[in-house]
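We number each residue from 1, following the sequence as shown. Side-chain atoms are counted along with the backbone in the values below, which use heavy atoms only and exclude waters and symmetry mates.
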Amino acid sequence: MLRYRLGRESDPFYWLYNSPGWLTDYDPPRQFPFWLNIELTNRCQLDCFFCSRQTSRRPLGDMSLETARLIVTEASRYPECGLRLTGWGEPLLHPQAGEIITMIKKAGLPLKIYTNGLALTPELMDTMIEYEVDDLQFSMQGLTPEQYEFNRRKSDYGRLRANIEMASRRRGERPRPFLSILTSVLADEAAKADPEAFIDEYLTLVDKVAVDLTNLNFVSEVDRVKPFLDKQSAGLSRGLCVDVFLALEVKYDGLIQFCGQDADGLEEHSLGYVGAISLHEAWHSRKMNEQRDRVGRALGHETMSVCRNCYHNTNKYDIFKTRA
């Protein structure tokens, strides 16, 4: 469920979602990814119920400015590639987040930032306004303060709401950053609250609101999660993976991977390191093409540790399948 305040054409990435090769006719893959998913840090203030960080064994760390610069320099040769600050941490916790955001936008690259919203400050918001960050997306769970704080342990709904209001107020009538909210729900959460009312409420503050389905498959072995597995609504039918034709992932230490669902940086999902191999080389590498064969052209999910828990299908992109 997704609704725009001013229509889908107002989305700063509407052009990308209407690009040749997005979701249809994407094979063979184009010269460079549609998206580079950049993990500035894997540190986070929260202990979310659904998140694979709770089982991750990877050391905590932040991306160096040099690694960020190498990524930006190469990506700037492909101006139709978008960068997303995301991953297994809160990007705004990076001590030089503002500097990296400025670097990306000065290079002329499209930028989307995913944030839990708690580390957003007026100073960071002003930087995003000044350099016209394309999209600032607040990630939530549930449809009520109680549902949110159940899913997002150690969080503070009041603080998040205040920061969204601050972002909306400081941006004012400017077109950028485009402000969006994505929340997800379990079946009983959707039954106990009204998704349409949630959307109506937040469209007074932001430009886009989406309600998705919470996926617990990646943490199904965690004891505190097990009692809730029958409450998830996400479908469990296999589908061909489109993400291996759309995006590359870069961890905070420069590790390049073909799947962002790996919270541990496992070798089986890895393609090399920034600085030792170019992103273009990783995108067209033998190992990347083998993964496209495995899960993008066939249903070989059971052969990979992360893929066997993945039931993501292209229905999450349905709204963009109709071309303008």
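- The one candidate from Lys251, Gln257, Arg58 that meets the side chain to side chain donor-acceptor pair (under 3.5 Å) condition with Asp262 is Gln257.
- The main-chain N or O of Glu146 is never found under 3.5 Å from a side-chain atom of Glu149 such that the two would form a donor-acceptor pair.
- Shown are Arg294, Arg297, Arg292; of these, the side chain to side chain contact (heavy atoms under 4.5 Å, CB included) with Val244 is made only by Arg292.
- Salt bridge annotation for Glu66-Arg69: present, with a cationic side-chain nitrogen under 4.0 angstrom from a carboxylate oxygen.
- Side-chain N or O atoms of Glu90 include none that pairs as donor or acceptor with a backbone N or O of Arg43 at under 3.5 Å.
- Remark: the backbone N or O of Pro59 is paired with a side-chain donor or acceptor of Asn42 at under 3.5 angstrom.
- Between Phe228 and Phe49, the ring-plane angle classifies as perpendicular under the 30° and 60° cut-offs.
- Ser10 places a side-chain N or O within 3.5 Å of a backbone atom of Gly7 that can act as its donor or acceptor partner.
- Checking each of Asp135, Asp134, Ile129 against Pro177 for a side chain to side chain contact (heavy atoms under 4.5 Å, CB included) leaves exactly one that passes, namely Ile129.
- A donor-acceptor distance shorter than 3.5 angstrom exists from the side chain of Thr127 to the backbone of Glu123, with no hydrogens or angles considered.
- Of all heavy-atom pairs between Leu124 and Leu120, the closest is CB-CD1, 4.2 Å.
- Arg53 forms no cation-pi arrangement with Trp88, by the criterion of a distance under 6.0 Å to the ring centre and an angle within 45° of the ring axis.
- Cation-pi geometry between Arg30 and Phe32 is not satisfied (NZ or CZ under 6.0 Å from the ring centre, within 45° of the ring normal).
- Put simply, the side chain of Ser168 never gets that close to the backbone of Glu165: no donor and acceptor are under 3.5 Å apart.
- By the rule that hydrophobic residues join a cluster once side-chain heavy atoms approach within less than 4.5 Å of another member, Leu83 and Leu65 end up as members of one cluster.
- Distance alone, capped at 3.5 Å, is enough to place a donor-acceptor pair between the Thr214 side chain and the Val185 backbone.
- At distances below 3.5 Å, not a single donor-acceptor pair connects side-chain atoms of Arg159 with backbone N or O atoms of Ser155.
- Using a 30° and 60° split on the angle between ring planes, His269 and Phe258 fall in the perpendicular class, above 60°.
- Checking Asp264 against Ser56 by side-chain atom types alone, a donor-acceptor pair falls below 3.5 Å.
- Panel note: side chain Thr41, backbone Asp62; no donor-acceptor pair is recorded below 3.5 Å.
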